[in-house]
Structure formats: C-alpha cells, structure tokens
Amino acid sequence: MSSVLILNGPNLNLLGTRQPAVYGATTLADVEKMCRDAGERLGLTIGFEQSNHEGMLVDQIHAAKSSYAAIVLNAGAYTHTSIALMDAISSVELPVVEVHLSNIHAREAFRHTSYIAPVAVGQICGFGAKSYVLALEALAERLIAP
Ligand code: DQA
C-alpha cells in the first residue's frame, strides 16, 4: 500500500478559529479525519503533520523520502516566500501536490506567487478541506500503476 505524507505549514494549527470567513470552521483535526477516511477508501496509508517552522518542514520533506511515496503540501504563507521548501522538494524527488483551502489566485497579489508550484506535480486550491481529498484522489491514480 502506498503511503502519502500530508504536511501542513504555519498557522494551520489554528484552523477553525483562524479567519473563519476565509478558511471556514473546519479544524485541522477535521481535515486529518477527512484525509484518513479518503486514504482508507483509496488504499493509501496517511501520515499527517503540521509545523509552524520552515526548517522543520524542510526536515520533514527530507525524512519523507525514506517512508512515503508522495506528499500533499499546504505550506501556508511559506508557499509565497520559501526557496528552501522549493529546494527541499527538488532534492527528494517525491511527487508533491500543492494544496490550499482558499483560492490563492483570487486573493491578494502576493498570494498569486507560489514557490511550490514549479516543483509540484499540480496545485489544487479553493475547495476548503476538500482540496486535500482531491489531491489524494489525484495521487492515488498516479501511485497505483496501470
Ligand atoms: C493557505 C493560503 C496561504 O496564502 C495562507 O498564507 C495560509 C493558508 C490556504 O490553505 O488557503 O496560511 O495556504
């Protein structure tokens, strides 16, 4: 069975209470439950992590290489700033799907730039917690060889 790491960046631990008009009432624990349910349905083993620290996220991407077949990454605000995360993804050569709860392209101009997108297999944004489930569905098709 393929394993997928779902990795969450800064401030996502506050989901549910953080700017609910933008991010909704869903908590990170709710997102994790949705992902684990989707994993069971799709035949994927799920790892689920969150960190507010850029270097910790880099370490988790490096460590994923030995235990996971792919990563679903919501890098939060580091999406728009972090060359270190971009380089980490390029270094491990695991397929990464970039996800966001909100539609970053419909928000402030600084959110339109993603350092993750050029090294990701794709980007899914704007569907709330469902963005994660859509990413897992896309990866399941890719990981289960034809
Ligand atoms: C986010 C979008 C980012 O711009 C923002 O900094 C976040 C959350 C999202 O899931 O919509 O922290 O990644």
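Start at 1 with the first residue, then count along the sequence. We count ligands from 1, going down the list as the structure has it; atoms in each ligand are counted the same way.
In this structure, atom 8 (C) of ligand 1 lies nearest to the protein heavy atom Tyr23 OH, 3.4 Å. Atom 11 (O) of ligand 1 has as its closest protein heavy atom Ser102 OG, 2.6 Å. In terms of protein heavy-atom proximity, atom 4 (O) of ligand 1 is closest to His80 NE2, 2.7 Å.
Proximity annotation for atom 1 (C) of ligand 1: of His112, His100, Arg111, His100 comes nearest, heavy atoms only.
Ionic pairing of Glu40 and Arg36 is not present here: no N-O contact between side-chain nitrogen and carboxylate oxygen is shorter than 4.0 angstrom.
Thr27 and Asp30 are linked by a side-chain donor-acceptor pair at a separation below 3.5 angstrom, with hydrogens and angles left out of the test. Side-chain N/O atoms of Glu98 and Ser114 include a donor and acceptor closer than 3.5 Å.
Listed for the Tyr78 side chain is a donor-acceptor partner under 3.5 Å among the backbone atoms of Asn52. In this structure a side-chain-to-backbone donor-acceptor pair under 3.5 Å is missing from Glu49 to Asn8. With hydrogens and angles ignored, the 3.5 Å screen pairs no side-chain donor or acceptor of Thr113 with any backbone N or O of Phe110.
Any N or O atom pair closer than 3.5 Å counts here, and Leu101 shares at least one such pair with ligand 1. In terms of N/O distances under 3.5 Å, ligand 1 is approached by Arg18. Between Leu12 and ligand 1, no pair of N/O atoms sits closer than 3.5 Å.
Only the side chain of Asn74 comes within 4.0 Å of ligand 1, judged by heavy-atom distances. With a heavy-atom cut-off of 4.0 Å, Ile104 touches ligand 1 through its side chain alone.
The aromatic rings of His100 and His80 lie parallel to each other, their planes meeting at an angle below 30°, with 60° marking the opposite boundary.
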